[in-house]
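A quick write-up on the structure given underneath.
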Protein chains: 2
Amino acid sequence: MGTPFEDMAEIDRLVHEPSRLAITSALLSCESADFLFLQRITGLSKGNLSSHLSKLERGGIVTVTKSTGGRPRTTISLTPAGRGTVAEHWDRLTRLRDAAREWTAPEE
Amino acid sequence: MGTPFEDMAEIDRLVHEPSRLAITSALLSCESADFLFLQRITGLSKGNLSSHLSKLERGGIVTVTKSTGGRPRTTISLTPAGRGTVAEHWDRLTRLRDAAREWTAPEE
DNA sequence: TCCTTCTGGTTTGCAATACAAACCTGGATG
DNA sequence: CATCCAGGTTTGTATTGCAAACCAGAAGGA
């Protein structure tokens, strides 16, 4: 029905945005990670990482838990739904790429 | 030497942005296309399409030529460099996905 | 001829980002 | 006990992405 290009244009920016794609893909490989570890492997600044995490949390993709007591420490992990969303996003990109390659203009 | 996640975070937004990914991928399948045809297959609004095209033109990804004389008509195509950039972008996404899958945390 | 409508786009206005830099806050350390 | 620093959060600002208003020229009718 729609072209693959229409589907591309509707890609969800929450996960697609480069910094967040990095964060969520890292978490997919890691089960869970703390703030500084995530910062190191993504190369993001603290502020930037913090705001992206808030956005992902509001979107239900990750959970952020702060350990109280002792040295403060923040642990981040994907929610089950988030894990699905991220995996599906990558699959979708692959499918769209293939669909675009095979697509040819409809004759009028 | 960096992690795949650092590389993801540095993805070029000019081509990566969903609407522009749709436009440029469509052009990759089409050689060249006129404005209205692009609008139909991407589902974008006129204004939106127009501004994305300007941005792609400034970035050297596409050329936009307006036929003067007769019915006004705008034809868009990828520059040679743009064609390379778009194809490379998709390859890069695929490579990053694979690299992320195989990545494991370095032990300290 | 003049008006009006349609095709084919561009410009404008505004809300939402993305990033960086300034700012907090509670433990560790001399 | 003062000061340092790890570990984040908030603030400020320039850039976006989008939609709606706008514009220009060709086609068609009275």
Side-chain angles (χ1 to χ4, degrees), chain A residues 5-27 32-59 61-77 89 108, chain B residues 5-27 32-59 61-77 89 108:
Chain A
F5 314 114
E6 285 178 83
D7 294 344
M8 282 183 201
E10 280 167 4
I11 285 174
D12 178 20
R13 296 152 188 299
L14 181 59
V15 176
H16 189 65
E17 196 279 327
S19 302
R20 288 188 299 260
L21 194 61
I23 295 169
T24 54
S25 298
L27 289 169
S32 99
D34 66 17
F35 190 95
L36 286 188
F37 177 69
L38 262 186
Q39 197 197 335
R40 273 203 308 284
I41 68 176
T42 59
L44 298 168
S45 71
K46 296 186 288 182
N48 217 339
L49 177 54
S50 175
S51 70
H52 283 305
L53 286 177
S54 309
K55 208 156 287 189
L56 288 168
E57 193 178 18
R58 271 197 302 275
I61 305 290
V62 305
T63 54
V64 179
T65 49
K66 292 170 223 313
S67 81
T68 73
R71 171 80 56 81
R73 208 178 135 101
T74 298
T75 306
I76 298 105
S77 58
H89 181 73
E108 308 273 301
Chain B
F5 314 114
E6 287 178 81
D7 294 345
M8 281 182 201
E10 281 167 3
I11 284 173
D12 179 19
R13 290 182 169 64
L14 180 59
V15 176
H16 189 64
E17 196 279 327
S19 302
R20 285 187 302 257
L21 195 59
I23 295 168
T24 55
S25 298
L27 289 170
S32 99
D34 66 19
F35 189 96
L36 287 187
F37 177 69
L38 263 186
Q39 197 197 336
R40 273 201 310 282
I41 67 176
T42 59
L44 297 169
S45 70
K46 295 187 289 181
N48 216 340
L49 176 55
S50 175
S51 71
H52 283 305
L53 287 177
S54 310
K55 209 157 288 191
L56 289 168
E57 193 178 19
R58 271 197 300 278
I61 306 291
V62 306
T63 54
V64 179
T65 47
K66 294 172 220 315
S67 81
T68 74
R71 172 77 55 81
R73 208 180 137 100
T74 298
T75 306
I76 299 105
S77 57
H89 181 73
E108 311 269 303

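So that the names make sense, note that chain A is the first sequence line, chain B the second, and so on, each numbered from 1.
Listed for the B:Gln39 side chain is a donor-acceptor partner under 3.5 Å among the backbone atoms of B:Leu44. Judged purely by atom type and a 3.5 angstrom limit, A:Thr74 has no side-chain atom pairing as donor or acceptor with the backbone of A:Phe35.
Within the 4.0 angstrom heavy-atom criterion, no nucleotide atom of any strand lies near B:Leu49.
Counting to the nearest Å, the P atom of C:dT7 and the CZ atom of B:Arg40 are 12 Å from each other. A straight line from NZ of A:Lys55 to C1' of D:dT10 spans 14 Å, rounded to a whole angstrom. The CD1-C1' distance, from A:Ile11 to D:dG17, rounds to 15 Å in whole Å. Between the NZ atom of B:Lys66 and the C1' atom of D:dA24 there is a distance of 13 Å, rounded to whole Å. For B:His16 and D:dT16, the NE2 to P distance is 15 Å, given to the nearest whole Å. When the P atom of D:dT9 is taken as reference, atom CZ of A:Arg58 falls 12 Å away, rounded to whole Å. The CG-P distance, from A:Leu53 to C:dC19, rounds to 13 Å in whole Å. Distance, A:Leu21 CG to C:dA18 P: 13 Å, rounded to whole Å.
Here the closest non-hydrogen pair linking B:Asn48 and B:Ser45 is CB-OG, 3.0 Å.
Annotation: ring-ring contact (aromatic ring centres under 6.0 Å, His included) contacts involving residues 5-25 of chain A, sequence neighbours excluded, comprise A:Phe5-A:Trp103, A:His16-A:His89, A:His16-B:His16.
OP1 or OP2 of D:dT9 has at least one side-chain nitrogen or oxygen of A:Ser50 nearer than 4.0 Å.
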Detail all sub-3.5 Å separations between protein N/O atoms and N/O atoms belonging to nucleotides 18-22 of chain D.
unit_1: D:dC18; atom_1: OP1; unit_2: A:Arg13; atom_2: NH2; d: 2.7
unit_1: D:dC18; atom_1: OP2; unit_2: B:Ser19; atom_2: OG; d: 3.2
unit_1: D:dC18; atom_1: OP2; unit_2: B:Asn48; atom_2: OD1; d: 3.3
unit_1: D:dC18; atom_1: OP2; unit_2: B:His52; atom_2: NE2; d: 2.9
unit_1: D:dC18; atom_1: O5'; unit_2: B:Asn48; atom_2: ND2; d: 3.2

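To the nearest 0.5 angstrom, B:Met8 atom CE is 10.0 Å from A:Ile41 atom CD1.
Side-chain atoms of A:Ser77 and A:Thr63 form a donor-acceptor pair, as typed in the model, at a separation below 3.5 Å.
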